[in-house]
Colleague: 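Can you keep this structure in mind? I'll have questions shortly.
The first residue of the sequence shown is numbered 1, and numbering continues consecutively from there. Atoms within each ligand, like the ligands themselves, are counted from 1 in listed order.
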Amino acid sequence: MTESLLKRAFGAPAEGSAAPALTKPAAGAAPADAAPAPVVIAIDGPAGSGKSSVSKAAAVRLGYGFLDTGAAYRALAWHALEHGADTSDATAVLEVFGDFDYAISLDTRDRWVRVGGVDVTTAIREPRVTDAVSGVARVPAVRKAVNELFRRLVASAGLPGVVVEGRDITTVVFPDAPVRILLTAAPEVRAARRSAELTDHDAAKVAAALHKRDAADSTVVDFLTAAPGVEVVDSTHLDFEQTVDAVLSVVDNTMGARDGR
Ligand code: DC
């Protein structure tokens, strides 16, 4: 079932996609003159740890692409809501996953997310989608297919490197990435950052929603504990630029050690 879902969901490039290769599964072995596989910088972390903005800034400074993996789950939640599906019902989620035609840009200068050719870049950040996303992200067949898609997107990006951020990126999606980082921050700091982002929201409500989502997500993926070999960057006492610098210094040290520098 997963295999057919995979083919149906991701077999064809999205209409209007500027980068059709992104949604196309790689067929067979790479040709001898193919570009080397991109360097993967895998970054995990909970909501409000700053992982998305920090990862993007790190990608810009490295001249790499950026893959926000949460966008795929958000886009699927958006797609499910469009179909009136109950996102807490795994069977209903799998049903709408069958015609989920997803495309995303890895270009930091031109970021977009599309479902069936519709630009959902902004829509997937709406609170109704945020409220529904944990339901779709906990379906194992969805995770398996989406994780495969992430590997294909990175492999076919034609970029020197890609910073990939999300949950279980360091452990399941790219366990062999040369650089693997868990970005954390104390819960109260994460809640404060989230409420500062959402100006018209009550801070207490934001903290409650964030803790609820952490609790729901942590039943599926342990994103608060670093797996062996994963470097922790704790941003509790760091500002944005200091956090980006801390991430880049892990990249530099790890790649330097790998290259014998
Ligand atoms: O990072 P975000 O808030 O955009 O993530 C949206 C949701 O998707 C969140 O509930 C966690 C989940 N997610 C996941 O389970 N695995 C990932 N690799 C990325 C996100």
Side-chain angles (χ1 to χ4, degrees), residues 10 40-59 66-81 87-88 90 93 97 100 102 104-106 111-113 115 120-154 162-175 177 180-185 187 190-191 193-195 197-198 201 206-227 230 235:
F10 302 122
V40 173
I41 312 296
I43 302 186
D44 282 327
S49 63
K51 74 182 156 18
S52 188
S53 38
V54 167
S55 300
K56 188 187 155 214
F66 167 59
L67 178 59
D68 162 10
T69 60
Y73 295 103
R74 288 175 174 275
L76 179 57
W78 176 88
H79 179 68
L81 293 173
T87 52
S88 64
V93 169
F97 189 49
F100 179 54
Y102 179 69
I104 185 167
S105 161
L106 276 63
R111 293 184 60 201
W112 47 257
V113 179
V115 175
V120 296
T121 314
T122 310
I124 60 169
R125 306 288 157 194
E126 287 170 9
R128 68 186 185 102
V129 174
T130 304
D131 289 345
V133 71
S134 292
V136 310
R138 80 164 67 95
V139 180
V142 166
R143 298 197 72 81
K144 189 166 186 282
V146 167
N147 286 343
E148 262 311 307
L149 171 72
F150 296 148
R151 295 185 196 107
R152 288 203 307 271
L153 285 169
V154 169
V162 180
V163 178
V164 184
E165 66 90 353
R167 313 280 167 91
D168 73 10
I169 305 302
T170 61
T171 49
V172 177
V173 186
F174 290 107
R180 295 181 300 145
I181 295 172
L182 176 66
L183 191 57
T184 58
R190 297 195 282 113
R193 285 180 188 157
R194 260 295 138 94
S195 66
E197 278 167 22
L198 310 165
H201 288 64
V206 171
L210 183 123
H211 295 142
K212 191 174 156 212
R213 193 146 70 93
D214 274 359
D217 290 344
S218 65
T219 60
V220 183
V221 177
D222 179 4
F223 50 83
L224 298 170
T225 317
V230 175
S235 72

Colleague: Does ligand 1 have an atom under 4.0 Å from some heavy atom of Arg143?
Modeller: yes

Colleague: Decide whether an N or O pair under 3.5 Å exists between Tyr73 and ligand 1.
Modeller: no

Colleague: Answer yes or no for Glu165: is there a heavy-atom contact with ligand 1 below 4.0 Å?
Modeller: no

Colleague: Determine, using heavy atoms of Ala47 and all atoms of ligand 1, whether some pair is separated by less than 4.0 Å.
Modeller: no

Colleague: For Ala42, is there any backbone N or O sitting under 3.5 Å from a side-chain donor or acceptor partner on Arg180?
Modeller: no

Colleague: Which of the atoms in ligand 1, numbered in the order shown and given with their element, are less than 4.0 Å from a heavy-atom of Ser134?
Modeller: 10 (O)

Colleague: Carefully, step by step, assess Asp68 and Arg74 under the rule salt bridge (Lys or Arg N to Asp or Glu O under 4.0 Å).
Modeller: CA-CA 10 Å; Asp68 162 10; Arg74 288 175 174 275; over 6 Å; no

Colleague: Classify the side-chain pair Ser235/Arg193 by whether it contains a donor and acceptor separated by less than 3.5 Å.
Modeller: yes

Colleague: Within the 4.0 Å heavy-atom shell around Lys51, which atoms of ligand 1 are there?
Modeller: 1 (O)

Colleague: Just by distance, do the side chain of Arg143 and the backbone of Arg138 share a donor-acceptor pair under 3.5 Å?
Modeller: no

Colleague: Looking only at heavy atoms, is any part of Ile169 under 4.0 Å from ligand 1, and if so is it the side chain, the backbone, or both, or is it neither?
Modeller: side chain

Colleague: Will you find, in the side chains of Thr170 and Asp44, an N or O donor that is under 3.5 Å from an N or O acceptor?
Modeller: yes

Colleague: Given 3.5 Å as the limit, does a donor-acceptor pair link the side chain of Tyr102 with the main chain of Ala72, or not?
Modeller: yes

Colleague: Run the numbers for me: atoms of ligand 1, each under 4.0 Å from some heavy atom of Arg74, listed by number.
Modeller: 2 (P), 3 (O), 4 (O), 6 (C)

